[in-house]
Amino acid sequence: MLRSARLALLRGLGALGIDEAALRTRWRRNRLLILGYHGIALDDEHHWDPELYMPAETLCRRLELIRDAGCHVLALDDAISHLYAGDLPPRSVALTFDDGAYDFYARAFPIVEAFGYPVTVYFTTYYAELARPVYDAMASYLLWKGRGRVLRWPEVLGQLRDVALTEGGRDVVGERLRRFPVEHGLSGRDKDALLARLAALLDVDYDVILKKRLLQLMTLAEAGELARRGVDLQLHTHRHRLSLEEAVFIREVEDNRERLRRLRASEATHFCYPGGVARREFLPWLRRRNVASATTCDPGMASRRHDRLLLPRYVDTAGHTDAEFRGWLTGVAAFMPRRRQAEATGQFLEVCGRA
Ligand SMILES: [Zn+2]
């Protein structure tokens with residue numbers, strides 16, 4: 001179904017009051033809407049990547065729609081217990097944020113807290129410890145800041161020589177910058193120096209970007225402060241990386257869990273697949289590590305029939321309209337054909353190991 005037709009239908013259902021009726025059905029009552037968010041812009045990140053970032057006003061508007069629809073926002077752990085016990089309260093919703101960016105600490109949490117809603121952060125910890133920008137994302141952001149310029153950087157670009165930073169040119173250089181640290185075995189610090197050099201070549205003021213902490217994660221201290229204020233920190237792998245080799249996959253989960261252990265009173269048992277990449281072979285590995293639930297980026301309403309380790313989630317972005325969002329709160333949007341959303345987190349994803 002075309003997006004325009006879907007939007008018209010959702011608006012029509014709203015006008016007829018059918019979406020309001022849907023909110024009260026037994027079907028909706030037995031389902032949990034798990035909402036997924038990424039970044040809330042500190043500056044202009046939502047213009048760079050509107051799939052990954054939304055303005056603070058949009059988040060605020062979403063929470064108003066949740067409140068106005070009379071939804072029950074549950075803590076994730078409670079929501080999952082009630083889902084499988086078959087005693088969810090009406091209109092159940094759970095709020096999740098991926099990665100644990102600094103903008104969650106500075107922008108998103110104050111908004112969520114003002115509404116009094118519980119919230120889960122799937123916190124990836126490698127860049128939180130490093131306290132520097134996320135490399136792939138920052139490289140892409142800097143190339144966007146320098147859009148329209150010509151980049152000459154023979155040490156990195158090799159034979160590419162001068163590259164005009166059109167959209168296509170940015171893709172080519174972005175790919176080269178993704179591969180370069182792997183091919184040269186660069187450390188986190190080396191990668192950071194590469195970003196500073198890129199900014200200088202593009203005449204972008206990197207110090208200002210660092211000071212604003214764009215595309216950085218919360219530090220462990222900041223995350224700990226939020227945990228004490230009620231934020232539920234959960235598993236998202238240490239390096240935001242999945243492996244098809246069990247030992248590497250498990251090490252990522254355990255390295256992540258070990259950091260969270262210092263910040264939480266209890267063991268972290270809820271997991272979110274980085275990039276939404278959920279494969280069947282991961283399920284027994286997660287079960288053996290006492291992972292109680294895992295969320296994907298496949299849009300849908302969670303029901304008791306879902307495997308606990310393959311829970312669907314609606315990843316909300318700035319491009320969605322109020323009608324679409326309300327369609328998910330009521331559940332009617334779940335009946336409309338749509339595309340998968342796993343690509344939404346592509347910037348932050350790395351999958352390694354055998355195919
Ligand atoms: Zn993520």
Please answer: with hydrophobic residues joined when any side-chain heavy atoms are less than 4.5 Å apart, are [X] and [Y] in the same cluster?
| X | Y | value |
| --- | --- | --- |
| Leu233 | Val253 | yes |
| Ile34 | Trp27 | no |
| Leu95 | Phe325 | yes |

Salt-bridge criterion met for [X] and [Y] (N-O under 4.0 Å):
| X | Y | answer |
| --- | --- | --- |
| Arg61 | Glu57 | no |
| Arg213 | Glu222 | yes |
| Arg287 | Asp307 | yes |
| Lys212 | Asp44 | no |
| Glu246 | Arg288 | yes |

Between the main-chain N or O of [Y] and the side-chain N or O of [X], is there a donor-acceptor pair closer than 3.5 Å?
| X | Y | value |
| --- | --- | --- |
| Tyr135 | Leu177 | yes |
| His240 | Thr124 | no |
| Asp103 | Ile40 | yes |

Apply salt bridge (Lys or Arg N to Asp or Glu O under 4.0 Å) to residues Glu175 and Arg178 and explain how you reach the verdict. CA-CA 5 Å; Glu175 184 52 33; Arg178 257 189 296 283; 3.3 Å; yes
Going from CH2 on Trp48 to CG on Leu215, what distance comes out if it is rounded to the nearest 0.5 angstrom?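 Nearest 0.5 Å value for the CH2-CG distance: 5.0 Å.
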Within this structure, what is the CD-CG distance for the pair Glu254 and Asn256, rounded to the nearest 0.5 Å?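 These two atoms lie 9.5 Å from each other.
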What I'd like to find out is whether the side chain of Thr125 reaches to under 4.5 Å of the side chain of Asp255, using heavy atoms alone.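 They are not in side-chain contact.
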Pi-cation contact, Phe115 with Arg67 (under 6.0 Å, within 45°):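 Geometry flag: not set, cation outside 6.0 Å or 45°.
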Ring centre gap for Tyr84 and His306 strictly below 6.0 Å: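 No; His306 has its ring centre 6.0 Å or more from that of Tyr84.
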